[in-house]
Amino acid sequence: MAVKLVEETPYRFRIDPVDGMRVPGVVFASRRLLPDLSNDQALTQVANVATLPGVVEASYAMPDVHWGYGFPIGGVCATDIDRGGVVSPGGVGFDISCGVRLYTCDLDRSRFAEVVGPVMDGLARVIPRGMGTGGVWTLSGRDQLDAVLRGGSRYAVERGHGVERDLDRCEDFGAVADADPSQVSERAAQRGMKSLGSLGSGNHFLEVQAVDAVLDERLAEAFGLRVNQICVMIHCGSRGLGHQICSDFVARMERVMPAYDIKVPDRQLACAPVTSPEGQAYLGAMAAAANYARANRQMLGQAARQVFEKETGRTLDLLYDISHNLAKIETHVVDGEERRLCVHRKGATRALPPGHPDLPPDLRDVPGVGQPVLIPGSMGTASYVLSGVEGGPAFASTCHGAGRALSRHQAARSVRGAELRRRLEAQGIAVRGASARGLAEETPEAYKDIDAVIEAAAGAGLARPVARLVPVGVVKG
DNA sequence: ATGTGC
């Protein structure tokens, strides 16, 4: 599909419907980010998504959009459940409920410098990472795995892995409803059994970060962030379990699409009506994987908390835990009417407005304070905390990270792992990696400029920047 | 992203 962009505002570009598109495409980006997009498969994917049955408003792209499996990464698409709307595993992604959790620590950057060695060595010892299996929690069997799949972080806390306040600060208060472990294949379960509490590889990490700049004093205070404060960010997902569930359901939906008379321009857009048996089965399995991902982050956070308590005498307080790969059933006003939608966010972060009932209890009634939004940067660069805003377009969603600019292969060719490690250490960043190649694939040059992405997200009215964080120690898969 | 690839 040939894609033509029309500038609507400095931060919003439109793709008019052609060739079976049911709605326009809308790309939130700045002029600075746009050249990267002009010759990119990602925009064709934005247009392809606009052909899905039941799609409403627009196929949205966030400022960090890039090419993905079928759907672009950095894409948001909502379908109307009661008007034939579909759900698609490709619109969620392989790493179901991949997301970020951020803890604050009552410790300043200068004090942390005195204990950086023991803390980083402690984290390196307790945080499983890299390809393959082995997590901090060895499950007793399928029954206990199913308890994780139903209960998420809540089950982990019930079993002593965390405190009740952690759950107040988790999306969905720690567990997605309607998880259906019976829809999780034996193969997916086998893969999940041995990986609970592990980072994985790729761009997943655990970082010790320092608040570099406060960008909104009032919001930062509400979120408990101050300049030079130490934080811990964890970015990971549902490991082999989520991957297997996605694979299982892509194959299943490809088989049943003809029976629903659904035709899509790319077979990687395989989908089924939300209300169909296949749609419901996927949503049940997806919710189970989402709970696994949250329990995964809970376990890693608890392991990090114990290291901090032992080595610094200070604990970690959870600021928030939020996914950026998930489909959710939500109610939004479309064409002046409240509709039940299936909102797919793939490489896009939910950003609820101030006063929303799903906000943490202690933030819910604070005027002007929206949902904490956690945006991980690439290795060695900044990460951001944002806040959801009133009236955000794109069904209360924003970007999820810097977005790749080079493929893994290109990145690995551009720099040697050992050299990159020295460079990071020279910048004052303590590195505890798993493999040299893994490091090279994540070199900062392989990603877009996170500062430009955040500027575009703010300019487009998707979210409000609160604080900029920089890494002081990184544990990578 | 992933027991990395039909």
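The sequence lines fix the lettering, A, B, ..., with proteins before strands; numbering per chain opens at 1.
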Item to check | Phosphate-side-chain proximity, A:Arg239 and B:dT2, N/O vs OP1/OP2 below 4.0 Å | outcome: yes
Checklist entry - For the pair made of CG in A:Leu199 and C1' in B:dT4, what is the distance, rounded to whole Å? => result 17 Å
Checklist entry - Which comes earlier along DNA chain B counting from the 5' end, the contact point of A:Arg408 or that of A:Met131, where each point is its nearest nucleotide? => result A:Arg408
Item to check | Length of the CZ-C1' vector between A:Phe249 and B:dT2, whole Å | outcome: 18 Å
Checklist entry - Once you round it to whole Å, what is the distance between P of B:dT2 and CD1 of A:Ile96? => result 12 Å
Checklist entry - Which is true for A:Arg187 with a 4.0 Å heavy-atom rule: it touches a base, it touches only sugar-phosphate, or it touches nothing? => result base
Checklist entry - Counting any heavy atom closer than 4.0 Å, what does A:Gly237 reach on the DNA or RNA strands: base, sugar-phosphate only, or nothing? => result nothing
Next on the checklist: Can you confirm if the aromatic rings of A:His400 and A:His235 lie within a centre distance of less than 6.0 Å?
Outcome noted: no
Checklist entry - Starting at NE2 of A:His204 and ending at P of B:dT2, how long is that distance when rounded to a whole Å? => result 6 Å
Next on the checklist: Please verify the inter-ring angle class for A:His161 with A:Trp137; under 30° counts as parallel, over 60° as perpendicular, anything in between as tilted.
Outcome noted: tilted
Item to check | For atom CZ of A:Arg437 and atom P of B:dT2, their distance in whole Å | outcome: 15 Å
Item to check | Atom-to-atom span, OH of A:Tyr69 to C1' of B:dG5 - whole angstrom | outcome: 15 Å
Checklist entry - Starting at CG of A:Asp95 and ending at P of B:dT4, how long is that distance when rounded to a whole Å? => result 16 Å
Checklist entry - So A:His332 and A:Phe395, would you call those rings parallel, tilted or perpendicular, with 30° and 60° as cut-offs? => result perpendicular
Checklist entry - Quick one: salt bridge (Lys or Arg N to Asp or Glu O under 4.0 Å) pairs with a partner in residues 468-477 of chain A, sequence neighbours left out? => result A:Asp212-A:Arg468, A:Asp451-A:Arg468
Item to check | Euclidean distance, atom CG of residue A:Asn325 to atom P of B:dT2 [Å, nearest integer] | outcome: 11 Å
Item to check | Any A:Ser247 side-chain nitrogen or oxygen under 4.0 Å from OP1 or OP2 of B:dT2 | outcome: no
